[in-house]
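Report on the structure given below.
All ligand and atom numbering here is 1-based and tracks the order in the structure.
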Amino acid sequence: MTDATAPQETASPTFPPSSAFVQSAVARPSIYHEASHDRLAFWRSRAMLLSWETPFTEVLDWSDAPFAKWFVGGSLNAAHNCVDRHVLSGHGDQVALLAEYEDGTDARYTYSQVKDEISRMANVLESMGVATGDRVAIYLPMIPEAVFAMLACARIGAPHSVVFGGFSADALRSRIEDAQAKVVITADGQFRRGKALPLKSAVDTALASGADSVDHVLVVRRTGEDVEWTEGRDVWWHEARENASTEHEVVFVDSEHPLFILYTSGTTGKPKGIVHTTGGYLTQAAYTHRNVFDLKPKQDVYWCTADIGWVTGHTYVVYGPMANRTTQVIYEGTPDTPHQGRWWEIVQKYGVSLFYSSPTAIRTAMKWGEEIPAKYDLSSLRVLGSVGEAINPEAWRWYHRVIGQERCPIVDTWWQTETGAIMISPLPGITATKPGSAQVPLPGISADVVGDDGEPVGPGESGYLVLTEPWPSMLRGIWGDDQRFRDTYWSRFEGRYFAGDGAKKDEDGDIWLLGRVDDVMNVSGHRLSTMEIESALVSHEWVAEAAVVGADDETTGQAVVAYCVLKDSRDDDGADLDALVQELRAWVGKEIGPIAKPKYVFIVNELPKTRSGKIMRRLLKDTAEGREVGDTSTLADTSVMDAIARQLRG
Ligand code: PRX
């Protein structure tokens, strides 16, 4: 076994790295051997680290592929595993959550206190009629109650559907309707950059325009602003909490019982409700969190900066860390409120040792300047993680040097909402790291890079990333749409999961991710569908047609760029186009959420299309990225791109 406590980075930031610089033949010590020797036995032993009410009798049933069953016959409860069992084993006084609010105030909750809070909330939910199997929507900021809400649902076996607090009322409504949620848990408002912004009002709007399945709204008081109130439907959490018992018996559920639904963007306008179940998901969440971060539960203070609205917040704020009895920081606010050193101040305040964030956040910190983190004591940091998109070597090196002070290994973790947990990542102290590469599938995971013909590509060639064996935390389907599940992930390459990402393998067999190969954009590590934004644009009264592309962006990875053709009926004298562009940006913000706002909107006379009428987004991407426009031979009208270029210049 190698003892590479410090990362061995390559000297070459470019792909493919010259083998002269690469730490070659990385030794793959015992955990890799154990997994490759007997994959299912490996997963069995990881599952056994959880507490099972009924032991499982079979590790994997793949007979109904692509619908997997893991840990067949077992029953357990996720909240019991994340909280109760730690209290039962005498660790109730260990701090679970170090909650830092945007204004600098804080609160801490031990595992015993979390158990009391989630038991109370589970009792309140049950009093509202929520039973095992019912869906509950959660629309909350990053406050402890968000974690309590998820675990309260898990206690009952009521799958939660968390909707990011930055999404619009309309996005919330469509998600509530798709899952037929019975209750919504929200807050009066949320603090954003020192301002109190309303949140419950979006729930009111969503429920006024549909979402009839909802009987009750449980409201956490956070900002204290006035809210509209519907008697009989709305309930204040702080009032209900007072009378709620801290005794609640968890409901043990089948290993394959759905734990949550989380919506993510696909290639069509309608988001996909990704379904995760209990036993397999929790097994892999806990295993990856423990191993990828080299967790030492008694010593480490962990902080993942993700919001619970995304899968990273599910797996690496709630389920993984808490199953592993971690002490962790959660932070309500933005990195620059009230100053640009806020994150590093938090690292110093709590002595954070394991830090998990995104390339876009690192690039933003780089832009602000290294003198800002230099003001803080970051010596507690031990392992740094990155997720959401490939971390470019420049940002990797900065992260390593300025934040990690050349002491901390960086784990670049590749995974997706669908995979539920980390799939490809170095392991600290084991894998010699390479800036820019997620590198190797974790022990127990099988991935490959294949060409159009489904055959593995050679070193240095690009292809598609596929997962070649089922894994415990794999999605079990798309809520209510089995066909879409099969079509999206399992039809491209027989028997293998198609991730939708391009990738390359280098001479060492290490994997380099190359971005999405479909119409999904990645903006600040968040998935957005081009179609979803196009649909929002054409729902504006003046837009006849729209095409959206993700263009390279220094900070956010990709930026949304929209091209719109206006309706003829619009009496346009050209003078108010700037105002219209701003209006269209705001429109998308209102329809979907601020993260989806296009950075640029170009008004054009025509869109480039093939003879069969398909929009050629590739050409628009070339233009948006300031490149020579590529092959236009399949265009129905080859002069369109010249016209667009002239308009953009003009
Ligand atoms: O394109 C990949 C990119 O993010 C996509 C998954 O997005 P989402 O489901 O929102 O989950 C994000 C957090 C897990 C992937 O298909 N992606 C994620 N992590 C990486 C990445 N691309 C390259 N390197 C990564 N480490």
Side-chain angles (χ1 to χ4, degrees), residues 15 162 164 166-167 260-267 271-276 281 284-285 288-289 292 304-317 319-320 356-363 384-393 395-396 399 410-426 431 433-442 445 447 449 462 464-467 473-475 478 488-489 497-504 510-529 532 550 556-558 593 595-596:
F15 184 86
V162 181
F164 175 54
F167 275 139
F260 65 84
I261 306 169
L262 183 59
Y263 287 83
T264 188
S265 296
T267 51
K272 300 178 282 197
I274 303 299
V275 178
H276 283 288
Y281 170 80
Q284 195 172 328
T288 51
H289 178 254
V292 172
C304 166
T305 62
D307 190 283
I308 52 138
W310 311 107
V311 74
T312 310
H314 283 58
T315 310
Y316 297 106
V317 176
Y319 292 107
Y356 193 25
S357 195
S358 64
T360 193
I362 301 310
R363 288 193 296 263
L384 304 176
S386 170
V387 63
E389 60 179 298
I391 179 162
N392 48 308
W396 193 106
Y399 199 19
I410 294 180
V411 285
D412 175 3
T413 62
W414 178 90
W415 59 296
Q416 308 177 297
T417 306
E418 292 87 340
T419 68
I422 298 171
M423 302 293 282
I424 304 178
S425 167
T431 318
T433 52
K434 289 180 190 173
S437 168
Q439 300 192 284
V440 278
L442 289 179
I445 301 299
V449 181
S462 53
Y464 307 101
L465 181 69
V466 292
L467 301 168
S473 64
M474 67 197 291
L475 76 165
I478 294 176
T488 311
Y489 307 107
Y497 171 89
F498 172 63
D501 277 5
K504 285 183 183 191
D510 282 324
I511 295 174
W512 297 68
L513 274 306
L514 302 174
R516 300 288 307 185
V517 294
D518 52 13
D519 290 331
V520 172
M521 294 171 289
N522 188 330
V523 179
S524 298
H526 298 139
R527 259 159 84 165
L528 295 170
S529 133
E532 205 178 347
T556 58
Q558 283 191 314
I595 50 162

Before we go on, tell me: are the rings of [X] and [Y] under 6.0 Å apart, centre to centre?
{"X": "H314", "Y": "Y319", "result": "no"}
{"X": "Y489", "Y": "F498", "result": "no"}
{"X": "W310", "Y": "Y316", "result": "no"}

Discussion item. Under 4.0 Å, heavy-atom basis, I'd like to know which part of R516 is in contact with ligand 1: side chain, backbone, both or neither.
Written reply: side chain

Output yes when the distance from some N or O of ligand 1 to some N or O of [X] is under 3.5 Å, and no in every other case.
{"X": "G388", "answer": "yes"}
{"X": "T312", "answer": "no"}
{"X": "D501", "answer": "yes"}
{"X": "A390", "answer": "yes"}
{"X": "D412", "answer": "yes"}

Worksheet item: For D501, which residues count as a salt bridge (charged side-chain N to carboxylate O under 4.0 Å, His left out) partner, sequence neighbours excluded?
Response: R516

Discussion item. Going by side-chain hydrogen bond (donor to acceptor under 3.5 Å, both in side chains), name the residues that satisfy it together with Y399, two or more places apart in sequence or in a different chain.
Written reply: none

Worksheet entry | Top protein contact for atom 21 (C) of ligand 1, by heavy-atom distance | E389 CA, 3.4 Å

Worksheet, complete the sentence: re atom 7 (O) of ligand 1, the protein heavy-atom contact at minimum distance is R527 CD, 3.0 Å

Worksheet item: Thinking salt bridges, do E418 and R527 make one under a 4.0 Å N-O criterion?
Response: yes

Fill in: Residues Y356 and T413: side-chain donor-acceptor under 3.5 angstrom
yes

Item to complete: For the residue pair S524 and T556, confirm or rule out a side-chain donor-acceptor distance under 3.5 Å.
Response: no

Need the ligand 1 atom indices (1-based, order shown) with element for anything under 4.0 Å from a heavy-atom of [X].
{"X": "N522", "answer": "3 (C), 4 (O)"}
{"X": "T417", "answer": "8 (P), 9 (O), 10 (O), 11 (O)"}
{"X": "L513", "answer": "23 (C)"}

Discussion item. Any atom of ligand 1 sitting under 4.0 Å from a heavy atom of A438?
Written reply: no

